[in-house]
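All remarks here apply to the structure that follows.
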Amino acid sequence: MKYVSTREGKTGVTASQAIVRGIAPDGGLYVPETLPAIDEAFIRELCASDYRARAVKVLGLFLEEFSEAELKDIAAASYADNFDDAAIAPMVHLDGNTSVLELWHGPTSAFKDMALQIMPRLLTASLRKNGEKRTVSILVATSGDTGKAALEGFKDVPGTRIMVFYPRDGVSQIQKLQMATQEGENVNVVAVNGNFDDCQTGVKEIFGDSDFAAKLGERGFFLSSANSINWGRLVPQVVYYISAYCDLMNAGRISYGDEIDFCVPTGNFGNILAGWFAKRMGLPVRRFICASNDNNVLTDFLNTGVYDRNRPFYLTGSPSMDILVSSNLERLLYCVSRDAAFVADCMKKLSDTGRYEVPAEIMEVIRADFVGGFCTDAQSREEIARLWGEGYLMDTHTAVAGRVLADYREKTGSDTPCVIVSTASPFKFGGTVLEALGVVTNEQGPALMEELTAFTGVAAPKPLAALVGKPVRFEEWVEIPAMEDAVSRFLS
Ligand SMILES: *Cc1c(COP(=O)(O)O)cnc(C)c1O
């Protein structure tokens, strides 16, 4: 199977090349030329397997250069006791037709772990397959969740180094502590005296500095990235959509062939897109409900066909969805239109004017599979309180999906079984969750987790609870122009 760029559409590369490159030379994203198909027999076989075996079967369809034995080793190392639930992606049933797929049982308590626990292994294997001898050095600019998940994924992986930049005053106390206490001999974490955009621009400039790349090359290093435009981060996410369907079958809640919906709290469109690939492969899904917070650029796009990022940017209680440019939408546009020139034109308009428009016939295909909805911070807090009233504690991002689903059902009368995709532990956003539950507190940082446990009786995930008293290893901060020097010192 070959992978093509969304902006060129012709020259194919192998899966391992797509993973090594991350982004295509023309700036496009890699997608499979054709999607593999799955059928009833495939799904029934997965029903009888655990998550690791499900991952081996699904990944095998996309990664032909990897042998089954190789994928078995990779899956066994990636989805093990680093997750605090043997099911890896367990499902909780709220009522007769609503279930929650919990994707936050990994080491950093956010769904990024589902991909970032396995992606470093796929990347290092891909480097070997392509004869790369240099040490890959991952640079990450993070606003919170991705940096920590990437650090945990790459920590002590042979042949890799990882360096994370975060805005000095732009992450939550828990997120800062998670990164500052990071373990591992190949990691580095540096705060930047600037905001997230400064970090991201700084990292992009380092990637673009060919003199610096040559200097690092002489030292045996080359730079790469671990963000969600890399196919190696998207493909592991296809697994849990198929796995969720199997779990519903195993629970006797659906029979094979019954169509279900997924409601996904969305930012960069990576999570939900992986689900859509599963549907296109043959998974019986009726529709994806794309849930946004006040940054509702995707809701408007799905309703009007106009993508327009020229709008106010809101800081919300679901910060991982505070995003106005959803990069992975580019993949959807290509897969639906199969027209690379059209996609390249849209992306050029997006970067020149912040806006593009998609023709009605393409929107019709997209709307057959996606419906958009959004809710405000106040509404997502109500949802946290409502579901806690029914005995289920959810985080601020998942609550956006919960609320959007409730509104959708009320509007359409739908009673189709729906899986709410839950993307973070409530303890990662303990302050807002406590507020939603009406608890007034002056506590800060890790103490908020103890307070949430005291109020709900629900235990915090072990890695988050373990932050209390953990030694801080990284306290360095730099000015924006000094970021490259910091990289140079780390890779010396
Ligand atoms: C990253 C993230 C999201 C958004 O996922 P996308 O793939 O960017 O759409 C939602 N919730 C949480 C908690 C996240 O960390």
Side-chain angles (χ1 to χ4, degrees), residues 29 89 100-117 119 140-153 166 171-172 174-175 178-179 196 200 226-238 240-241 262-278 288-299 301-302 316-332 370 372-375 380 384 394-404 420-430 432-433 461 464:
L29 309 185
V100 180
L101 179 66
E102 295 183 345
L103 299 179
W104 41 263
H105 288 274
T108 78
S109 306
F111 97 95
K112 305 289 193 290
D113 288 330
M114 299 303 299
L116 277 164
Q117 282 296 299
M119 188 261 194
V140 183
T142 186
S143 59
D145 289 340
T146 299
K148 177 61 183 179
L151 285 163
E152 275 299 316
Y166 71 87
V171 299
S172 79
I174 294 282
Q175 287 172 323
Q178 276 188 304
M179 291 188 277
F196 171 64
Q200 188 151 47
N227 58 22
S228 76
I229 54 178
N230 192 311
W231 179 249
R233 268 196 60 185
L234 211 63
V235 67
Q237 297 177 169
V238 177
Y240 51 73
Y241 284 93
F262 284 96
C263 185
V264 189
T266 297
N268 217 3
F269 210 75
N271 192 356
I272 198 169
L273 184 72
W276 183 73
F277 281 135
F288 294 91
I289 302 165
C290 176
S292 303
N293 61 26
D294 274 312
N295 296 296
N296 57 359
V297 61
L298 286 167
T299 316
F301 169 71
L302 288 167
T316 74
S318 41
S320 301
M321 298 157 67
D322 291 344
I323 187 158
L324 292 180
V325 177
S326 301
S327 322
N328 275 294
L329 194 60
E330 178 171 351
R331 285 191 161 108
L332 179 69
F370 291 94
F374 79 101
C375 76
S380 65
I384 291 172
M394 59 170 45
D395 95 290
T396 52
H397 303 74
T398 311
V400 169
R403 175 62 187 237
V404 168
I420 296 172
V421 176
S422 177
T423 49
S425 158
F427 287 86
K428 236 182 152 166
F429 304 93
T432 317
V433 172
L464 289 183

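Read the numbers this way: they start at 1 and go in the same order the structure lists the ligands and their atoms. Count residues from 1 along the sequence.
We find the OG-CZ distance between S320 and F111 to be 8.5 Å, quoted to the nearest 0.5 Å. A distance of 11.0 Å separates OG1 in T266 from CD1 in I289, rounded to the nearest 0.5 Å. Put simply, CG on N227 and CD on Q200 are 7.5 Å apart, with the number rounded to the nearest 0.5 Å.
Residues forming a side-chain hydrogen bond (donor to acceptor under 3.5 Å, both in side chains) with S292 (at least two apart in sequence, or on another chain): none. Listed by chain and residue number, D395, S422 satisfy the side-chain hydrogen bond (donor to acceptor under 3.5 Å, both in side chains) test with T398 (two or more places apart in sequence, or in another chain). Under the rule for a salt bridge (Lys or Arg N to Asp or Glu O under 4.0 Å), the partners of E152 that lie at least two apart in sequence or sit in another chain are K148, K155.
Protein residues with a heavy atom under 4.0 Å from ligand 1 are F111, K112, D145, P265, T266, G267, N268, F269, G270, N271, S320, M321, H397, T423, A424.
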